[in-house]
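Data block below; observations after.
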Amino acid sequence: MINVNTLTQKAREMQAQLVEWRRHLHMHPELSFNEYQTSAFVKTVLDKHKISYSDGWVKTGIVATLGKKNSDACIAIRGDMDALPIQEQNICDYRSQNAGIMHACGHDVHTTCALGAAVLLKQFEDSINGKIIVVFQPGEEVLPGGASLMLNEGALGNPLPKAILGLHVFPEMEVGNLGFREGEYMASSDEIYLTVKGKGGHAAMPKQYNSPLIIASKILLALETAFSEEKTAMHTQKPTVLAFGKIEGKGATNIIPDSVEIAGTFRAMDENWRARAHEIMATIARETANASGGQAELTILKGYPALTNHVALTQFCKKEASTLWGNSQVKELEMRMTAEDFAYYGRHMPACFFRLGTRNEARGIISPVHTATFDIDENALPVGAATMAWLAVQYLNKN
């Protein structure tokens, strides 16, 4: 029978093994949808511990199964496996050996915690009151997102699990702590591509050209102004981000180009407002360009939906995390405008996406995710593994 003391003790006893797994994964990162060696490593661990699984989902995805294999009482745990195109700058024995690729978002940690949870659960398999599936998912970092593809391929089974849990490293929170937020938590994410066309020419002859850079600047200012007005008119207090990070006009000091390329991002918490905002952006861009004698073409690559944590499930997980580690180690999270493809799971079943503290200021482990110096305090690993295992078991006991 699984109890708090037994589970936490066994998780701590696994620390050296968890560190070994995590460092292996960190040294051999692979980009989205190319996690072939990562997948092979995960299967080696599952085979060693005689944990059954199916593989080949979205090429590299794996779904391990524990407990009562035919039970309809089922909960899923998810760990993502892909890395980022970043050259690691850390100086350590386990730094990335793959040039230009790094686990800078902690997916090596997520995979390790999911593996650790599976190995812990295997030791108590006969007492699991239902079925637990552990999803090793490819391609979280790249559209359309591995979560959506795993769902489309039916990797999570039919019927779907009754709930799903996921964790993410959180370098803003001290190691040993866990963070939860009920309801709206993370934003949708859309890529914005804007082409503005004018008429190029020699910079010294302004009557002969119509600068797309000037037209583009008018569009950006009009979007900022009108967008704020529209948000007010919608009477929404939900946060929104419209930001442009790239503008490129291939001219020179004395050459006006024919066109300008602009790229940005749009983030929102509300799907109705998201759809309306797309229309607003297109209208503003087109009408502003036309008024200046130019043209504007707006392309919106629709990304992940907003992530909403199921209220009752998250309340339950927060309570059980406190039972496992104590109230002082469980924190309330603020809403974030970052995005996660885990949101797709939440559109099909109750979902809880929580945070694992990995920060250690005394040791200088403070770098944010998606940076070349990101690292973690590895004391977080048994916390993550034990928490995922405990929450899954307790959910089945309750339901």
Side-chain angles (χ1 to χ4, degrees), residues 2-4 7 66-68 71-79 110 113-114 117 121 127-135 137 147-148 150-151 156-168 170 173 177-188 237-239 268-272 304-336 338-357 383-399:
I2 305 176
N3 60 56
V4 168
L7 184 65
L66 296 120
K68 297 176 174 59
S71 176
D72 287 336
C74 176
I75 185 170
I77 294 170
R78 176 268 215 164
H110 306 167
C113 288
L121 290 166
S127 64
I128 294 174
N129 191 27
K131 179 169 66 175
I132 299 172
I133 65 172
V134 185
V135 180
Q137 179 208 300
S148 67
M150 293 286 278
L151 286 164
L156 277 66
N158 184 18
L160 288 170
K162 305 298 183 183
I164 187 167
L165 310 174
L167 62 70
H168 199 292
F170 198 38
M173 188 165 62
N177 293 331
L178 297 160
F180 294 85
R181 181 181 177 86
E182 303 160 18
E184 295 172 336
Y185 178 43
M186 299 178 73
S188 61
Q237 300 300 314
K238 295 178 181 179
M269 288 289 181
D270 181 272
E271 291 296 326
N272 291 329
Y304 305 155
L307 190 157
T308 300
N309 278 327
H310 188 271
V311 173
L313 175 63
T314 305
Q315 289 174 342
F316 172 80
C317 290
K318 181 180 174 183
K319 175 179 175 293
E320 289 300 330
S322 295
T323 299
L324 191 63
W325 303 111
N327 292 333
S328 64
Q329 290 183 238
V330 177
K331 310 296 184 182
E332 292 285 345
L333 297 173
E334 295 181 353
M335 194 178 292
R336 295 174 63 88
T338 51
E340 239 286 347
D341 81 340
F342 188 84
Y344 284 115
Y345 296 120
R347 304 182 92 179
H348 295 271
M349 68 197 85
C352 176
F353 191 68
F354 62 97
R355 295 282 171 166
L356 175 68
V383 176
T387 301
M388 297 188 92
W390 178 257
L391 295 182
V393 167
Q394 293 305 104
Y395 175 86
L396 291 176
N397 288 342
K398 175 179 178 291
N399 292 276

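Any value given below was found using the heavy atoms of this structure, including those in side chains, with hydrogens, waters and symmetry copies removed. Just so it is clear, the structure is predicted and the values come from calculations on it, not from any experiment.
Here Gln394 contributes atom CD and Lys319 contributes atom NZ; the two are 8.5 Å apart, rounded to the nearest 0.5 Å. Taking CE from Met186 and CZ from Phe342, the interatomic distance works out to 11.0 Å, rounded to the nearest 0.5 Å. From Tyr345, atom OH reaches atom CG of Leu307 across 12.0 Å, with rounding to the nearest 0.5 Å. Interatomic distance, Asn3 CG to Trp390 CH2, rounded to the nearest 0.5 Å: 6.5 Å. Taking SG of Cys74 as the reference point, atom NZ of Lys131 lies at 4.5 Å (rounded to 0.5 Å). Between the OG1 atom of Thr308 and the OH atom of Tyr185 there is a distance of 12.5 Å, given to the nearest 0.5 Å.
No side-chain donor-acceptor contact under 3.5 Å links Arg355 to the backbone of Gly179. Side-chain N or O atoms of Asn129 include none that pairs as donor or acceptor with a backbone N or O of Asn397 at under 3.5 Å. Distance alone, capped at 3.5 Å, is enough to place a donor-acceptor pair between the Lys68 side chain and the Ile128 backbone. A donor-acceptor pair under 3.5 Å is absent between the side-chain atoms of Asn177 and the main chain of Gly357, judged by distance alone.
Of all non-hydrogen atoms in Ala386 and Leu7, the two that sit nearest each other are O-CD2, 3.5 Å. Of all heavy-atom pairs between Gly346 and Ala351, the closest is CA-CB, 3.7 Å. Between Glu340 and Tyr304, the closest heavy-atom pair is C-CD1, 3.5 Å. The shortest non-hydrogen separation linking Pro239 to Met335 is CG-SD, 3.5 Å. Here the closest heavy-atom approach between residue Leu165 and residue Cys317 is recorded as CD2-SG, 3.7 Å. Between Cys352 and Leu313, the shortest heavy-atom contact is N-CD2, 3.7 Å.
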Run Met349 and Lys162 through side chain to side chain contact (heavy atoms under 4.5 Å, CB included) and show every step you take. CA-CA 6 Å; Met349 68 197 85; Lys162 305 298 183 183; over 6 Å; no

Could you please spell out the steps behind the side chain to side chain contact (heavy atoms under 4.5 Å, CB included) verdict for Leu178 and Gln329? CA-CA 6 Å; Leu178 297 160; Gln329 290 183 238; over 6 Å; no

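When side chains are defined from C-beta on, Lys331 does not count as touching Phe170, because their heavy atoms never get closer than 4.5 Å. Side-chain contact between Val135 and Met150: present, with at least one pair of heavy atoms (C-beta onward) separated by less than 4.5 Å. Residues Phe354 and Thr387 form a side-chain contact, since some pair of their non-hydrogen atoms from C-beta on lies under 4.5 Å apart. Side-chain contact check for Arg347 versus Leu151: every heavy-atom pair is 4.5 Å or farther apart. A heavy-atom distance below 4.5 Å is not found between the side chains of Val383 and Leu324. Put simply, the side chain of Glu320 does not reach to within 4.5 Å of the side chain of Tyr395, judged on heavy atoms.
Of the residues Leu156, Ile77, Ile75, the one that meets the side chain to side chain contact (heavy atoms under 4.5 Å, CB included) test with Ile164 is Leu156.
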